Protein chains: 2
Amino acid sequence: MQPASESNRSRRPTSVDVAQAAGVSQATVSRALSGGSVSEATRKKVESIASRLGYSPNLVARGLVTSRSGMIGVVVADITNPFYPQLLEAIGNRLADQGRHMLLQNAASNSEEEEAARLLVEQRVDGIIFTTATSDSVAVRELMERRFPLVLVNRVVVGHCDAVEGDNLSGTAAALDHLVELGHRRIGMVAGDARASTTRQRSQGFEQRLAELGVPLRLDLVRSTNFSYPEAFCAAIDLLSLDKPPTAIFCHNDLTAFAVVNAARSLGISVPGELSVIGYDDVRESSWESYNLTTVKQQFQEMAARAVDLLESRIANPDLPPRHTVFDCPLIIRGTTAPPRGALAGKAVPR
Amino acid sequence: MQPASESNRSRRPTSVDVAQAAGVSQATVSRALSGGSVSEATRKKVESIASRLGYSPNLVARGLVTSRSGMIGVVVADITNPFYPQLLEAIGNRLADQGRHMLLQNAASNSEEEEAARLLVEQRVDGIIFTTATSDSVAVRELMERRFPLVLVNRVVVGHCDAVEGDNLSGTAAALDHLVELGHRRIGMVAGDARASTTRQRSQGFEQRLAELGVPLRLDLVRSTNFSYPEAFCAAIDLLSLDKPPTAIFCHNDLTAFAVVNAARSLGISVPGELSVIGYDDVRESSWESYNLTTVKQQFQEMAARAVDLLESRIANPDLPPRHTVFDCPLIIRGTTAPPRGALAGKAVPR
DNA sequence: CTGTTAGCGCGTTCAA
DNA sequence: TTGAACGCGCTAACAG
């Protein structure tokens, strides 16, 4: 039934095929389809033939010529942490607006990050967004030296590099102000990976603000994690099993805050009755009734948009000076914070 | 300080550069670095020079020759639904094992799905994993006609195509058996998008099993959603505000089950005391204390691994007959299901 | 084992 | 406005 004439069934048509069918040169097809100067008549003809043949340009071949792939690499640390999907959604939307695509790499460890960066470079992405760079990140350092377009989200490293991040010091300060105002004096912390700049800044903000508030820093109430749920859960169990457990715990992200809340519940400790918990990020789940988490908000949309814009301008002009944008981190007070049991709500009773 | 001799600072070295430095032909470099037959001596020499120059092959150029990009496109419906990150993690790991990379596209609507597919094809991915295909998916149909390598995860469409999915009928049946056993008779359902095969199968299983169990199907207790949290939350408020609300609700995924639990809590309705809830997927969050959700488990790891394997073999041999793998969906009983208030735990009291 | 040659599909000169 | 020719960086065939 089918005409035997179509010799190459599964081969995708190329611009040469379109050119032959249209009776023009391949160069004319190229111009017609990408806005070059051609007569209106030939443009019409080429376009109609192209769509009839189901032609779509081969971006690989185009990339080889233009040395621009149209792809942006994005490296995340742990895609199952809800922070990243929500950030990725924002980044992806912004990239799509610009006709770009996202090559995603999950990189849990530093070595995986290097591997991810290598792959992205080999795939000739036009730029990379890192959301995972730790201070000892070899990959980032090497790319910077090569002047490869990249931007760090939620991280900074030594040396100068385009970056967007939240104001971790003031965000942490706001969280502590709230807790101390409520009357808490035994404040614990579930920290993230010490090599991440967010961890360092939030830990520093923690110490600093406690000092300013005249509240003792209790290092025995501080635990390090890798930002993951399981480690935070264990850390919380550990803290809550102390003879004198903290009355409040400040967590370096919402995921670990969830773990702390759940650990408390598993021990029959009520939140916020017996334990106050504060997270960081304000992922969507935090606002849902089951957690109703008091947390420090990161402005996802704005950070993502800014990161993409920074990268875009960096690709267009690699000689720009490094730029660094810091976003506000407002405290969102919800239901996991309350005065400590038996406290008189801090030093002052509101008039 | 720097020698002025390096004329082209920012240009990446090519295999020609390596060849010149090593005093061999470019073809030899290519062979040496990709396991061709060369003498051990020249291989050593080429490798050392390549790493000294910081050479890494241009995968775009390689792709143009081999017409294989090494990339797999993955299309998801809503990356903020925790089901997808957990599936993506598994897919990504499996792909990485095979030296491939993942080009991610978020496609909320059907038109976005077509756009996503078009982009992936233009980028010359070697194959596509769809996790979103609805029955009226034009994109999938077109790709199938072109015999483009693709596999559907958690979905099937009319026509034959490689696919992996859970056993939705038996999974749903197990959920209903559990509810009816507990004594529930007014069972509601928060369904997903009617165009998704999972929705159709789970709805069909719902009707079918209720009939088999002799429990009346109450269509007034059924609501459709787009699988999202906000729609499910509204649907739950709606159902729970009825004069005679359901005593149990079966949800088409965990995300909507979370919404139902939270909606109940926002109305002061206790779960499972006054309302039993069952989800579908068994995402990690379901097992955490705050939800402790009874749910039907999908076997992420296995489904992801199988999907990648199917795609890999399809790429290697496009003429394979279509294959369809169905995974068991065991019921995981946790804390959101209990007998309805005042019930005598079903028809029979165990001996 | 190695060098030479020929493309992969496209964008981009240079002439006409 | 259009066509011919070239080359992006690489792999694969073919000689030697």
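Throughout, a chain's letter reflects where its sequence line sits, starting with A, and its residues are numbered from 1. As the structure is a prediction and not an experimental result, all values here were calculated from the model.
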Measure from the side chain of A:Q26, starting at C-beta and using heavy atoms only, and say which of D:dC10, C:dT2, D:dA5 lies closest. D:dA5
Establish, with yes or no, whether the OP1 or OP2 oxygen of D:dA4 is under 4.0 angstrom from a side-chain nitrogen or oxygen of A:S25. no
Has the side chain of B:R31 got a donor or acceptor that lies under 3.5 Å from a partner of the other kind on the base of C:dG3? yes
Does a side-chain N or O of A:T28 approach OP1 or OP2 of D:dG3 to a distance below 4.0 Å, or not? yes
Between CG of A:L64 and P of D:dT11 the distance, given in whole Å, is 12 Å
Taken to the nearest whole Å, CG/A:L59 to C1'/C:dC8 is 15 Å
Return yes if a side-chain donor-acceptor contact under 3.5 Å exists between B:R323 and B:S313, otherwise no. yes
In this structure, how many angstroms lie between the C1' atom of D:dG3 and the CD atom of A:Q20, rounded? 14 Å
Would you say the side-chain atoms of B:T198 and B:E165 include a donor-acceptor pair closer than 3.5 Å? no
Report which part of the nucleic acid B:T14 touches: base, sugar-phosphate, or nothing (heavy-atom distance under 4.0 Å, all strands). sugar-phosphate
Between A:R100 and A:E312, is there a side-chain N and carboxylate O pair less than 4.0 Å apart? yes
Between B:T66 and C:dC8, is there a side-chain N or O to OP1/OP2 distance below 4.0 Å? no
Rounded distance in Å - CZ (B:R124) to P (C:dG9): 8 Å
Looking only at side-chain N and O atoms, does B:S30 come under 4.0 Å of OP1 or OP2 in D:dT11? yes
If you only use heavy atoms from C-beta on, which nucleotide in D:dC10, D:dT2, D:dG7 is closest to the side chain of A:V38? D:dT2
note: A:L33, atom CG; D:dT1, atom P; distance rounded to Å ~ 16 Å
Checking B:R195 against B:S137: is there a side-chain donor and acceptor pair closer than 3.5 Å? no
Scan B:T42 against the nucleic acid and name what it touches under 4.0 Å (heavy atoms): base, sugar-phosphate only, or nothing. sugar-phosphate
So if I take every side-chain heavy atom of A:S39 and compare against C:dT2, D:dA12, D:dT2, which nucleotide ends up nearest? D:dT2
Can B:H101 and A:Q123 be counted as having a side-chain donor-acceptor contact under 3.5 angstrom? yes
Touch class at under 4.0 angstrom, heavy-atom based, for A:V60 against every strand present: nothing
